[in-house]
Participant: 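Just passing along the structure, written as C-alpha cells.
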Amino acid sequence: GGGLVIAIDGPSGSGKSSTAKGVARARDLRYLDTGAMYRAMTWWMLTHGIDVADAGAVAEAAECPVITMGTDPDAPAVRVDGVDVAGAIRTDEVTSNVSAVSAVPRVRELLVARQREIIAEARVASSGIVVEGRDITTVVAPDAPVKLFLTASAEARAQRRSREVRAADVAATQAALARRDRLDSTRSVSPLTQTADATELDTTGLSLDEVVALVVKLADEAR
Ligand code: C5P
C-alpha cells in the first residue's frame with residue numbers, strides 16, 4: 001500500500017492528540033490514538049477487579065477484552081467488547097493506573113500487533129494514517145517516513161491538560177503528569193524515548209494551528 005504513515009511520540013500534554021487530529025483532517029488521513037487503547041485495557045482491568053499491581057494477573061487477563069478503534073479524526077471511537085468507552089477511559093482512576101498496565105510486556109505485545117494491523121489496513125485502503133503514542137517512532141512504526149517527537153515545557157503541558165480535563169489545580173495536574181511521564185519513561189519495555197531520527201518539535205510557544213502547519217509541511221515533503 002502507498003498510504004503515508006506519520007508517527008508522533010511525546011509526553012502527556014505535549015499536544016500530540018490535537019496535532020495528530022489536525023494533520024489527519026488537513027490531509028484526509030486516518031487517526032489512531034494508541035494511548036486510548038492502553039486506557040481501554042486499563043478500564044477493562046479495573047472494571048473486572050484485576051489488581052493492576054499484579055503484572056502476572058494483568059498479563060493473563062489482557063487476552064480477554066476485544067478493543068476496537070475508530071480511525072476517523074472527527075469521531076475517534078474506542079470500544080471494549082462492543083461498548084463505547086470514549087468517556088470512561090478519561091477518568092482520574094484510569095489515568096492514574098494506565099502506566100502500570102502499559103508496562104506489562106504482554107499488554108504491549110497484544111496492542112502493538114493490533115496497532116500494526118490498523119496501520120497496514122490504512123496504508124492499503126486510504127491515503128494514510130497519523131499515529132500518536134509513546135513508542136510509535138521506536139517500536140510500532142519505526143519505518144514511518146515522518147517521525148516526530150513533540151515536547152513542551154512542564155508548565156505548558158500542565159496548563160493544557162488542566163484545560164482539557166477542566167481541573168482547577170494546575171499544580172496537582174503538573175505533579176500527576178510528572179509522575180506518569182516518569183513511569184512511562186523508565187519502564188523496561190518500550191519506554192518513551194526520543195530517537196535521533198525523529199524530528200523534535202517544541203510546541204511551548206506555538207499555537208495549535210502553527211504546529212499543525214509545520215507537520216503538514218513535513219508530510220507533504222515526505223510524499
Ligand atoms: O496518550 P495518553 O496520555 O492518553 O496515554 C495514556 C498512557 O498509555 C500513557 O501514560 C502510557 O502509559 C500509555 N501509552 C503507552 N504507549 C503508547 C501510548 C500510550 O505506553 N504508545
Side-chain angles (χ1 to χ4, degrees), residues 5-21 31-46 52-53 55 58-59 62 65 67 69 71 73 76-78 80 85-119 129-142 144 147-152 154 156-158 160-165 167 173-195 198 203:
V5 180
I6 302 177
I8 306 182
D9 286 327
S12 328
S14 58
K16 292 189 306 288
S17 296
S18 315
T19 303
K21 279 186 236 175
Y31 162 71
L32 180 62
D33 174 2
T34 63
M37 299 173 78
Y38 290 95
R39 287 173 178 274
M41 183 66 88
T42 304
W43 174 84
W44 189 93
M45 298 286 163
L46 295 171
V52 300
V58 170
I67 297 170
M69 303 298 292
T71 55
V78 195
V80 180
V85 294
I89 62 170
R90 303 288 162 191
T91 61
D92 284 346
E93 204 201 357
V94 169
T95 301
S96 56
N97 286 291
V98 65
S99 296
V101 172
S102 73
V104 175
R106 184 67 187 141
V107 167
R108 306 202 68 83
E109 247 171 54
L110 289 163
L111 294 185
V112 168
R114 188 76 202 96
Q115 290 155 16
R116 288 187 177 141
E117 282 170 15
I118 294 169
I119 293 169
I129 187 163
V130 188
V131 188
E132 56 129 324
R134 303 291 189 292
D135 64 341
I136 313 306
T137 63
T138 52
V139 175
V140 176
K147 303 210 281 178
L148 294 167
F149 195 91
L150 258 56
T151 60
R157 297 195 287 115
R160 284 176 193 158
R161 190 44 66 96
S162 300
R163 269 200 300 272
E164 264 167 36
V165 301
T173 304
Q174 189 168 334
L177 277 189
R179 172 183 170 272
R180 194 146 60 93
D181 287 344
R182 182 172 42 75
L183 293 173
D184 292 342
S185 305
T186 57
R187 67 179 176 225
S188 55
V189 187
S190 307
L192 171 66
T193 34
Q194 183 170 4
T195 55
T203 67

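In each ligand, atom 1 is the first atom listed, and ligand 1 is the first ligand listed.
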Participant: Please compare Val98, Val140, Thr34 and report which has the shortest non-hydrogen distance to atom 7 (C) of ligand 1.
Facilitator: Val98
Participant: Any side-chain heavy-atom pair from Asp9 and Glu132 closer than 4.5 angstrom?
Facilitator: no
Participant: Would you check, one step at a time, whether the test side chain to side chain donor-acceptor pair (under 3.5 Å) holds for Ser162 with Thr173?
Facilitator: CA-CA 6 Å; Ser162 300; Thr173 304; 3.2 Å; yes
Participant: Has Arg187 got any heavy atom lying under 4.0 angstrom from an atom of ligand 1?
Facilitator: yes
Participant: Of the protein's non-hydrogen atoms, which lies at the shortest distance from atom 6 (C) of ligand 1, and what is that distance?
Facilitator: Arg180 NH1, 3.5 Å
Participant: Of the choices Arg134, Lys16, Arg179, Arg108, which has the non-hydrogen atom that lies closest to atom 20 (O) of ligand 1?
Facilitator: Arg108
Participant: Is the closest side-chain donor-acceptor distance between Ser14 and Arg161 under 3.5 Å?
Facilitator: no
Participant: What protein heavy atom sits nearest atom 14 (N) of ligand 1, and how far off is it?
Facilitator: Tyr38 CD1, 3.6 Å
Participant: Within the 4.5 Å heavy-atom criterion, are Thr71 and Tyr31 side-chain neighbours or not?
Facilitator: no
Participant: Should Ile8 and Val130 count as side-chain neighbours, where that means a heavy-atom distance under 4.5 Å?
Facilitator: yes
Participant: Looking only at distance, does Arg39 have an N or O less than 3.5 Å from an N or O of ligand 1?
Facilitator: yes
Participant: Measuring from atom 5 (O) of ligand 1, which candidate in Ser14, Gly35, Pro11, Gly133 has the nearest non-hydrogen atom?
Facilitator: Gly35
Participant: As an exercise, state the distance from CZ of Arg90 to CZ of Arg39, rounded to the nearest 0.5 Å.
Facilitator: 5.0 Å
Participant: Would you say Asp135 and ligand 1 have an N/O pair spaced under 3.5 Å apart?
Facilitator: yes
Participant: If you round to the nearest 0.5 Å, how far is CG of Leu192 from OG1 of Thr137?
Facilitator: 8.5 Å
Participant: For ligand 1, which atoms, with element, lie under 4.0 Å from some heavy atom of Ser102?
Facilitator: 11 (C), 12 (O), 13 (C), 20 (O)
Participant: Judged on heavy-atom distance to atom 11 (C) of ligand 1, which of Asp181, Asp184, Val101 sits nearest?
Facilitator: Asp184
